[in-house]
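For reference, positions follow the sequence shown, starting with 1.
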Amino acid sequence: FDLLKREPNVEKALHAAFLRVDELYLKGEGTWRPDLTPDPRSQRLNSAGTTAATLLIDQGARKMWVAHAGDSRVVLCRGGAAVALTTDHK
């Protein structure tokens, strides 16, 4: 949420956050669970992929923002029916 304090445009802030995570990954920084996944620094970058989905809700303004990358989807359940909030990347 620090990024949202510096960048009031939510779309720009989410885009910047996704780019920052990508940058950290490419540098081999960040944390991971060795018991669950291999050390990302030991993998070839051209064979690695990513997937992420984020939903930000502002209850006061009654707004929500969705961002996703890779093979991820965001789906809302409304009245027992699935409503796609994202479109697959091609």
### Message
Is there a path of hydrophobic side-chain contacts, each under 4.5 Å between heavy atoms of I/L/V/M/F/W/Y residues, joining L56 to M64?
### Response
no
### Single-linkage hydrophobic cluster L19~V10, side-chain heavy atoms < 4.5 angstrom
no
### Query
Are L85 and W65 linked, directly or through other ILVMFWY residues, by side chains that come within less than 4.5 angstrom of each other?
no
### Message
Is it the case that atom CD in E11 sees more than 12 heavy atoms from other parts of the structure closer than 6.0 Å?
### Response
yes
### Task
Give a yes or no on this: more than 12 heavy atoms of other residues, nucleotides or ligands lie within 6.0 Å of atom CG of D71.
no
### Task
Say whether, by atom type as modelled, one donor and one acceptor occur between the side chain of H68 and the main chain of T51 under 3.5 angstrom.
no
### Query
Are L14 and V21 co-members of a hydrophobic cluster defined by side-chain heavy atoms under 4.5 Å apart?
no
#### Entry: Side-chain donor/acceptor of S72 to backbone N/O of A52, under 3.5 Å
yes
### Task
Find out if a path of hydrophobic residues (ILVMFWY) with successive side-chain heavy-atom gaps under 4.5 Å connects V66 to V75.
no
